[in-house]
Amino acid sequence: MVQLTRRNFLIATGWVAGGVTVLYTLRNRAVAVAPTIIIPNKESGAAWVQIRSDGSCLMYFTRVEMGQNANTGLAQIVAEELNIELEDIEAVQPSTSDIAPIAVTAGSMSLTAFSRPTAMAAATLRESMRALAAVKLGEPLSMILDDAGGFQTADKRKVSYADLVDKDSVMVEFDDTKPSPALYTFDPQRSKKQVGRDATPIGIRGLVTGAAVYTADVPMQGVLYGRAIKPPVRSARIASLDTSGVAETSGFVELVRQGEFVGVVCKTPSALDAAMSKINVTWDLKIPINQDEIDRLIDVDAEMADGDLEHVLQDEAHRKDADWLIDLRFDVQTQSHAAQEPRAAIARFGDGSGAHKLEIWTGSQDPWGMKRFAAMDTGLSEDDVVVYAKRLGGGFGGREHYEVERDAVILARAVKRPVKVQWTRKDEFTASRCRPASAHRLRIATDDAGNLSDWWYGYITGHVVFSRERLPGWLLPVARLAGDMGVVKGALAPYSAPHQRVEYKDVDLPIDLGVWRSLNGAPAIFAIESAMDELAVQQGMDPVDFKIAQMKGKQPRLQVCLERVREMSGRRSLPHGSGYGRGFACGIFDDRSFVAVSADIHVDEIAQEIKVLHMCCVQDVGMAVNPDQLRAQAEGNMAWSVGMALLERFEVADDEIKSSNYDNYAIVRMSDMPSVDVEVVDQPSIPPAGAGEVALVAGPPAIANAIRNATGFRALRLPIAFADISS
Amino acid sequence: MKLKINGVERQVAADWQNENLLTVLREHFGLTGSRFSCGIGQCGACLVHVDGIPMTSCLIPVSEVVDKDVLTIEGLAAEDGTLHPLQQAWVDERVPQCGYCQSGQIMQALALLQNTPQPDDADIDRAMSGNLCRCGTYTRIRKSIKKAALVMKEAG
Ligand code: FES
Ligand code: FES
């Protein structure tokens, strides 16, 4: 089954001689790993796992690391397949020259798409090593049994991986059209050693000692500091530009103007700040930038009064004139990524002595995309460009475009020196492509027995996913895979009615929009879960019972989550006194991830604030490769839920983005953070699905429903302020 | 112009004397564990101790810390690499997600424990609310601070 061949590829890609490598080639486009930007050919297959001549294992990370720790999960899979410990694996973040292109890290797809190919690569390596062991021990293959770090025979003759690998390089070729070896990871009968345990994330030591290297930390001889001005929106054009005095700044090196690009390079960061502050620019805008304009564009009621919305997701025996018990409009605000690391890139053009003419260091969700764009941008061939993917200080969907990289490339080329660009915090707020504001109209009617009879949901949102104007054709298929359905995420409720219609429209808004954690999932599910809660309360029903009943026997995994979160929250009683309340909500992300959340809140009349006291979260995303990291993601999503429900308010006015830093865009801080309990439902026989953004869909409505429970106030607009309740 | 960083005396070259402390630490001395995030004292990612007082280094001109003692995250572990109890608790509780804020979080927690060796939740809220973590690792930070406090108490 497995063929051993030697290939020049090893040397060509810089692999040291001596060791066994698995080349996992994709010939069948339909396999899970299909988001690869370019389907690797035979020579450029993705060499992900290697056993070196000392028996140690080297693994290339196939994901960009931004806190989701998906690579640790994938390393657990490699360890499971190879019968080794996680500590035996040396993990390396590859450059774009080390392995074949790999898709953008986005959409919580990492484990979904990469767990199986990773397991196959490692299992293939294991089986080829077993073949070597059979020769070495002079036994038939079937007599070679697994052992820690190698193999053994029934009579306990042992051979380690190190014993089996000689100095020569051996490459095991395997592709997805060949039959797969046994995958331990996906065998529900097997009791696993690595998969399913709370493994400590790889590289954690560097994160507590300061040694971890983000882009701006990369040491670089002779580096200069650069930055470009950012327009309020990308469609803006420079109306007037005054750069007088810039060149006189002490430490000034160069002013670069290229069409709409205006950038400065200086010797130190403070010189750069001083020089940039002297640039005066005014902009021509196509549309005015202000909240009224946004509100007008997403006015779902005006649009629905005019007729049908542009797209229909569901339409079954729809009746316009049902006897609506619920007829509510929900408005969800614009939000920013506000990742703690302002994006950065370093670009260096070579003197011709190195292998590459252009080197870029960046924390991008899409290193291969950056390479491609940089080549197109500079006219270099792709082979001349290398991108070193660095750890991201938070991604959340905001780090997919070729932008800060472009700033660095243009400036470095102009000054013929390496240039480091790090956006200011204001640049981050202005240009990170927000989660759009949206408006949702939900109407619900019931039959005589109180079951849903009619459901009519219409909404308008700004574009969510990479739009065609912003994206070159080659990236579109990848974009579609990663989240083309961004605008419709969450729109189909887990509840059903005999008469139902779901329709929507996505529009251009006057600010730049993009992918933000959960896409449209959190806004849509906020509307749905709030409306269902309101209906239950108005009918005198328990909201959890009512929701489960209205799933009408479907969605068993979601029902389990809801039941369990109710039980969990019940272990702690709400404090007595007025203003305390508990709310529940549930949701499905991408058809495969299920979650239910409860929130205990206090509306404090004296302190004049809404405080979230405690949240419980039950999450089922299939196989729990690393339960602790699933809990960590859920905890983070609870923080984001508090922010979305109560705090985050992105402000635009007077043709400007007003939110510019953490002093005028509040995110959750320690004192806002509730205590959180998370339970993970493990499903060993269901492949892992995304966990990075699922819990965010249920958190905000759970908080809103808790406020309803405490005060009778139904929140129709996020974020909810204390003053909303009293008025 | 000289200052002491993590116990080592360092000379600030002429070109760097107009910068803020964070820039000098990172760009001049290569101590990149303190991070830039907001630049206006609002997030704590750049937090270091100056003569034992926690300060956001993005706001301090380096000229103001001449001859002072600066402690950064790089100076926290023992010379043999043994982690400080706070760092160890951070590992044990698996606090970091993206990790970008965590140097500042740990340095702020260190200041808290120096003043309040056994902090309660309100103490932690008060001391830590200027340190932002977009990933939302707060519940684990809280747990780790309490854990480290216990370890340090037992160690005397
Ligand atoms: S970077 Fe100094 S406080 Fe935010
Ligand atoms: S761990 Fe990412 S910002 Fe704190």
Side-chain angles (χ1 to χ4, degrees), chain A residues 65-69 198 200-201 204-214 216-217 219 223 225 250-251 267-271 337-342 391-396 422 424-425 628-629 632-633 635-640 643 661-663 667-676, chain B residues 15-16 18-20 22-23 26-28 30-43 45 72-74 76-77 81 83-84 86-88 90-92 94-103 106 121 124-142:
Chain A
E65 194 52 71
M66 46 191 170
Q68 81 285 35
N69 284 313
D198 291 342
T200 296
I204 195 171
R205 191 186 156 93
L207 297 174
V208 303
T209 59
V213 176
Y214 301 83
D217 305 338
V223 76
Y225 302 88
S250 119
K267 284 187 190 144
T268 67
S270 75
H337 300 94
Q340 226 67 59
E341 176 199 31
R391 191 181 179 89
L392 278 74
F396 316 120
Q422 183 159 40
T424 63
R425 179 54 55 188
D628 178 67
Q629 287 307 305
Q633 285 299 309
E635 288 160 19
N637 274 295
M638 293 304 96
W640 280 54
N661 209 321
Y662 296 117
D663 57 346
I667 65 169
V668 169
R669 44 187 80 231
M670 179 66 88
S671 50
D672 304 312
M673 187 70 195
S675 52
V676 175
Chain B
D15 285 355
W16 295 91
N18 288 326
E19 304 299 309
N20 62 46
L22 178 63
T23 300
R26 293 179 48 81
E27 307 296 334
H28 188 34
L31 293 167
T32 51
S34 311
R35 323 262 182 215
F36 169 81
S37 176
C38 73
I40 57 165
Q42 287 285 326
C43 78
T72 74
I73 187 74
E74 287 91 348
L76 202 53
L83 296 178
H84 183 278
L86 274 165
Q87 293 171 311
Q88 190 57 51
W90 247 246
V91 170
D92 294 343
R94 307 180 186 101
V95 175
Q97 287 187 27
C98 84
Y100 199 77
C101 71
Q102 300 296 346
S103 303
I106 292 171
D121 282 335
I124 293 176
D125 278 352
R126 220 171 299 123
M128 302 301 296
S129 286
N131 283 76
L132 300 178
C133 173
R134 185 49 159 170
C135 297
T137 62
Y138 299 115
T139 52
R140 293 183 184 211
I141 291 175
R142 189 185 295 280

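Labels below follow one simple rule: chain letters A, B, ... track the order of the sequence lines, proteins then strands, and each chain is numbered from 1.
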> Hey, what do you get for CG (A/Asp217) to OH (B/Tyr100), rounding to the nearest 0.5 Å?
Replying inline: 6.5 Å

> Contact part of A/Asn637 toward chain B, heavy-atom cut-off under 4.5 Å: side chain, backbone, both or neither?
Replying inline: neither

>> Within the 4.5 Å heavy-atom criterion, are A/Arg425 and B/Gln42 side-chain neighbours or not?
In response: no

> What residues, two or more places apart in sequence or in another chain, satisfy ring pair (Phe, Tyr, Trp, His ring centres under 6.0 Å) together with B/His28?
Replying inline: B/Trp16

> Given side chains that start at C-beta, do those of B/Leu76 and A/Thr209 come closer than 4.5 Å, heavy atoms only?
Replying inline: no

> Which atom names give the shortest non-hydrogen contact between B/Cys98 and A/Leu207, and what distance separates them?
Replying inline: O-CD2, 4.0 Å

> Under 3.5 Å, is there a donor-acceptor pair between the side chain of A/Arg669 and the main chain of B/Asn131?
Replying inline: no

> So, the side chain of B/Tyr138 versus the backbone of A/Val668: is there a donor-acceptor pair under 3.5 Å, distance only?
Replying inline: yes

>> Quick check on A/Asn69 against chain B: is it the side chain, the backbone, both or neither that has a heavy atom closer than 4.5 Å?
In response: side chain

> Hey, what do you get for SG (B/Cys133) to CD1 (A/Ile667), rounding to the nearest 0.5 Å?
Replying inline: 8.0 Å

> Hey, are the side chains of B/Gln97 and A/Gln68 touching, using non-hydrogen atoms and a 4.5 Å cut-off?
Replying inline: no

> Between A/Asp663 and chain B, which part of the residue has a heavy atom less than 4.5 Å away: side chain, backbone, both or neither?
Replying inline: both

>> Between B/Thr137 and A/Glu635, is the side chain to side chain contact (heavy atoms under 4.5 Å, CB included) condition met? List the steps.
In response: CA-CA 7 Å; B/Thr137 62; A/Glu635 288 160 19; over 6 Å; no

> By ring pair (Phe, Tyr, Trp, His ring centres under 6.0 Å), which residues pair with A/Phe396, not counting sequence neighbours?
Replying inline: A/Trp640

> Where does B/Arg94 contact chain A at under 4.5 Å (heavy atoms): side chain, backbone, both or neither?
Replying inline: both

> Under 4.5 Å between any side-chain heavy atoms of B/Asn18 and A/Thr268, yes or no?
Replying inline: no

